[in-house]
Visitor: 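Just dropping this structure here.
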Number of protein chains: 2
Amino acid sequence: MALEHAILVSLLEQPGSGYELARRFERSIGYFWTATHQQIYRVLKRMENDGWVASREVSQHGRPDKKEYSVADLGHAALSSWLHEPIEPESVRHDLAVKIRGAAFDDPAGLVREVERHRRAHTDRLTHYLAGEERDFPPVPDDGTPPDAERELQHVVLRGGVAYERMMIAWLDDVLATLRRF
Amino acid sequence: MALEHAILVSLLEQPGSGYELARRFERSIGYFWTATHQQIYRVLKRMENDGWVASREVSQHGRPDKKEYSVADLGHAALSSWLHEPIEPESVRHDLAVKIRGAAFDDPAGLVREVERHRRAHTDRLTHYLAGEERDFPPVPDDGTPPDAERELQHVVLRGGVAYERMMIAWLDDVLATLRRF
DNA sequence: CCTTGCTATGCAACTGGTTGCATAGCAAGA
DNA sequence: TCTTGCTATGCAACCAGTTGCATAGCAAGG
């Protein structure tokens, strides 16, 4: 399970409430790890019981109070030991691939609109990633100052998202060309 | 849920027992949808109760008997209606991306060996895909005969796997270069 | 004042998926 | 004969994740 660890990373980058975490999981972290707010609240509670995170009540102006969480020593240690474990070869789940192979026994041409819809979703996400990259990672001249690990690593993960979306768009074009031959 | 549908597609391509399905889910179908044998047996039982599949006992020489499943009309209809639903924008889960961002708060260089391990797993899988492609999809001259949908669609899904592995390898090289700057 | 809508937190029930364990047929080899 | 190993099927317990629902503070606008 890596939700705990994703939360730890997110809280290390920036402490925040369950609600704020849920919003981050709709963007940023959420590009490669999804979670709903119910899940986040439940896991945060468990993590607090385990001493991985600590919370404090924060009053806000014009809004309900929030509970701001930050990473405790035990949490930092737990993250560290997880980082040093080898494991997890990742398992893939691709509904669309199942659909494409299934289309052979139904109506191949009928899948075109569905694939086009997916293609649009991926181009949208690519556009979004590229805008984020331009905003958050403008090119800096190498003036000899040491690189910032947090920033560089966030950037390389984002580049992974960009590469993934580009690959998917190219493949979906291949799929569309194939479907249109029937 | 698409496990039912993945099983239907697999049984349409070739009827088989739960055990045989489990083996297919370790290759072929398993490249984009994973399932353990327990899960497959449980779901097959439910599908049989629902009339989606039918089974018959098959005696084998030198082996225990098996129950061979094939798709019933209701199952074919269920698959068809699923294929015509729009839905599912796919959610991603990338442990490695979490680890990479987390490494900023631990030991970036310590992640190199882990990333190299993943890179090796992906090159292995790519080699495996390419061997399968050469074996199952040799180039055929276009002699005007109509293309075989089942075959062409299996091929385009496999090309997706190849594209994915190539993208991952290139990205992991990017990650390694980034990690090595610290 | 009342509705709408966003912030903020949470419970309960369910479903899908994983893990550990168990059983049994049969073949091959020590 | 006994062990090892592959084929073949399955139960039970657990855990992670989803869905539906509920509550409450506060602001803005009709």
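Residue numbers begin at 1 in each chain, while the letters A, B, ... track the order of the sequences.
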Visitor: Parallel, tilted or perpendicular: which describes the rings of A/Trp171 and A/His94, with under 30° parallel and over 60° perpendicular?
Guide: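 The arrangement is perpendicular - the two ring planes meet at more than 60°.
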Visitor: A/Arg23 has an atom CZ; how far is it from atom P of C/dT9, in whole Å?
Guide: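 My rounded result for the distance is 12 Å.
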Visitor: When you check the phosphate oxygens OP1 and OP2 of D/dT9, does a side-chain N or O of B/Tyr41 lie under 4.0 Å from one of them?
Guide: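 Result: yes.
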Visitor: Is the shortest side-chain N/O distance from B/Ser17 to OP1 or OP2 of D/dT7 below 4.0 Å?
Guide: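 No, outside the criterion.
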Visitor: Within a strict 4.5 Å, meaning less than it, do heavy atoms of the A/Phe32 and B/Arg93 side chains meet?
Guide: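 They are not in contact (no side-chain heavy atoms under 4.5 Å apart), so the answer is no.
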Visitor: Can you check the B/Glu20 CD to D/dT9 C1' distance for me, whole Å?
Guide: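 Between C1' of D/dT9 and CD of B/Glu20: 13 Å.
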Visitor: Evaluate the side-chain proximity of B/Glu4 to B/Arg46: yes if any heavy-atom separation is below 4.5 Å, no if none is.
Guide: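 Answer yes - side chains close enough.
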Visitor: Would you say that B/Leu12 contacts B/Leu79 through its side chain, given a criterion of any heavy-atom pair below 4.5 Å between the two side chains?
Guide: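 The answer is yes; the side chains approach within 4.5 Å.
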Visitor: How many whole angstroms separate atom CG of B/Leu21 from atom P of D/dT9?
Guide: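 Result: 9 Å.
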Visitor: Would you kindly give the CD-to-C1' distance between A/Glu48 and C/dG10, to the nearest whole Å?
Guide: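 So the CD-C1' distance, A/Glu48 to C/dG10, works out to 14 Å.
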Visitor: I want to know whether A/Tyr41 and A/Tyr19 have ring centres closer than 6.0 Å.
Guide: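 No, ring centres 6.0 Å or more apart.
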Visitor: How do B/His61 and A/Arg63 order along DNA chain C: which one's closest nucleotide is nearer the 5' end?
Guide: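 That would be A/Arg63.
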Visitor: Does D/dT18 have its OP1 or OP2 closer than 4.0 Å to a side-chain nitrogen or oxygen of A/Gln38?
Guide: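 No, outside the criterion.
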Visitor: Calculate, to the nearest 0.5 Å, the distance between atoms OG1 and CD1 belonging to A/Thr123 and A/Ile169 respectively.
Guide: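 These two atoms lie 5.5 Å from each other.
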Visitor: Given atom NE2 of B/His37 and atom C1' of D/dG10, what is their separation to the nearest angstrom?
Guide: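 My rounded result for the distance is 7 Å.
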Visitor: Scan nucleotides 14-17 of chain C against the protein and return all N/O pairs shorter than 3.5 Å with their distances rounded to 0.1 Å.
Guide:
from: C/dG17; atom 1: OP1; to: A/Arg93; atom 2: NH1; distance (Å): 3.0
from: C/dG17; atom 1: OP2; to: B/Gln39; atom 2: NE2; distance (Å): 3.0
from: C/dG17; atom 1: O5'; to: B/Gln39; atom 2: NE2; distance (Å): 3.4
from: C/dG17; atom 1: N7; to: B/Arg42; atom 2: NH1; distance (Å): 3.2

Visitor: Nearest-Å distance, CD (B/Gln60) to C1' (C/dA27)?
Guide: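 In whole Å, C/dA27 C1' lies 14 Å from B/Gln60 CD.
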Visitor: Paired with D/dT23 by Watson-Crick or G-U wobble geometry, both distances under 3.5 Å: which nucleotide is it?
Guide: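 C/dA8 is the nucleotide pairing with D/dT23.
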Visitor: Does OP1 or OP2 of D/dT9 have a side-chain N or O of B/Tyr19 closer than 4.0 Å?
Guide: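 For D/dT9, neither OP1 nor OP2 has a side-chain N or O of B/Tyr19 closer than 4.0 Å.
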Visitor: Answer yes or no: does a side-chain N or O of A/Lys45 lie under 4.0 Å from OP1 or OP2 of C/dC11?
Guide: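 Result: yes.
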Visitor: Send over the distance from A/Asp65 CG to C/dT9 C1', rounded to a whole Å.
Guide: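 Roughly 12 Å, once rounded to whole Å.
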Visitor: Does any N or O in the side chain of A/Glu48 come within less than 3.5 Å of the main-chain N or O of A/Lys45, such that one atom is a donor and the other an acceptor?
Guide: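 Side chain of A/Glu48 to backbone of A/Lys45, a donor-acceptor pair under 3.5 Å: no, none is there.
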Visitor: B/Glu68 has an atom CD; how far is it from atom C1' of D/dT9, in whole Å?
Guide: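 My rounded result for the distance is 16 Å.
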